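Read the structure below first, then the notes.
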Amino acid sequence: MTDSAPASPSPASGGPAAWLTLPEVAERIDVPVNKVNQMVRDHALLAVRRDGVLRVPAELVVNRTVLKHLPGVLTLLHDAGYNDEEALRWLYEPDDTLPGMPADALSTGRATEVKRRAQALGF
């Protein structure tokens with residue numbers, strides 16, 4: 001399994017450090033690939049096309065599971081009118097007041113603040 005692929009945005013610009021294909025996500029979380037496709041359709045997991053292939057930021061899949069608060073944040077972003085590319089940019093946009101990126105904060109104790117900020121986008 002490989003965790004790297006051509007990426008945009010780049011880690012230097014606040015983007016994902018590594019990418020996973022949907023089959024790699026399925027292997028990592030031990031579910032069939034059609035379940036991963038359903039998770040993407042249901043906005044429980046974020047996937048965007050890179051070089052014609054759907055890819056998931058590797059940081060969003062940790063310890064054999066999707067980050068706990070990710071589906072809720074994705075729902076809030078989509079309810080606010082964000083598409084998947086815009087949601088990706090929002091999650092990986094450095095924010096000095098957070099501090100860091102919302103994607104990083106989801107895996108720490110600041111998930112509630114990330115959800116609050118995503119909810120505020122809809123108003």
Side-chain angles (χ1 to χ4, degrees):
M1 174 171 28
T2 177
D3 282 356
S4 62
S8 173
S10 69
S13 67
W19 295 88
L20 299 170
T21 63
L22 298 190
E24 290 169 335
V25 172
E27 181 182 325
R28 187 171 280 191
I29 65 175
D30 197 27
V31 299
V33 73
N34 64 338
K35 171 71 173 165
V36 175
N37 280 308
Q38 185 64 47
M39 293 170 71
V40 171
R41 282 191 299 274
D42 292 344
H43 301 297
L45 183 62
L46 180 65
V48 294
R49 288 211 181 270
R50 294 292 180 260
D51 295 330
V53 177
L54 275 176
R55 299 184 190 274
V56 174
E59 300 93 346
L60 303 180
V61 182
V62 181
N63 297 329
R64 304 193 60 78
T65 189
V66 174
L67 288 179
K68 178 181 177 180
H69 299 284
L70 180 65
V73 169
L74 291 176
T75 297
L76 290 166
L77 291 173
H78 284 96
D79 287 352
Y82 282 55
N83 64 31
D84 290 338
E85 285 287 343
E86 292 165 336
L88 176 74
R89 277 194 299 276
W90 187 85
L91 284 168
Y92 286 92
E93 181 70 31
D95 183 341
D96 292 338
T97 66
L98 200 46
M101 298 178 292
D104 291 338
L106 285 175
S107 61
T108 66
R110 298 174 307 204
T112 300
E113 178 61 16
V114 173
K115 288 191 285 189
R116 186 192 66 72
R117 291 173 186 218
Q119 186 175 25
L121 295 171
F123 295 99

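These numbers were taken from a predicted model, which means no experiment stands behind them. Residue numbers count from 1 along this sequence.
Ion pair Glu85/Arg50 flagged as a salt bridge, since at least one NZ, NE, NH1 or NH2 atom sits closer than 4.0 Å to an Asp/Glu carboxylate oxygen.
Counting only N and O atoms by type, the side chains of Arg41 and Gln38 include a donor and acceptor under 3.5 Å apart. With 3.5 Å as the limit, one finds a donor-acceptor pair spanning the side chains of Asp95 and Thr97.
In this structure, Ala44 and Pro71 approach most closely via the heavy-atom pair O-CG, 3.5 Å. Tyr82 and Ala87 make their closest contact through CD2-N, 3.9 Å (heavy atoms, listed as atom of the first residue, atom of the second, distance). Contact detail for Arg28 and Leu20: the closest heavy-atom pair is NH1-CD1, 3.6 Å. Shown here for Arg55 and Trp19, the closest heavy-atom pair between the two residues is CB-CE3, 3.5 Å.
Not counting sequence neighbours, the partners of Leu22 by the side-chain contact (heavy atoms from CB on, under 4.5 Å) test are Val33, Val36, Asn37, Val40, Ala47, Leu54, Val56.
For the atom pair His78 NE2 and Glu86 CD, the distance stands at 9.0 Å (nearest 0.5 Å). Taking CG from Leu77 and NE2 from His43, the interatomic distance works out to 10.5 Å, rounded to the nearest 0.5 Å. For the atom pair CG of Leu70 and NZ of Lys115, the computed distance is 11.0 Å after rounding to the nearest 0.5 Å. Atom CG of Leu121 is separated from atom CG of Leu76 by 8.5 Å, given to the nearest 0.5 angstrom. The distance from atom CG of Leu74 to atom CG of Leu60, rounded to the nearest 0.5 Å, is 7.5 Å.
More than 12 heavy atoms of other residues, nucleotides or ligands shown are found within 6.0 angstrom of CG on Asn83.
Side chain of Glu113 to main chain of Leu98: no donor-acceptor pair is present (N/O by atom type, distance under 3.5 Å, no hydrogens or angles).
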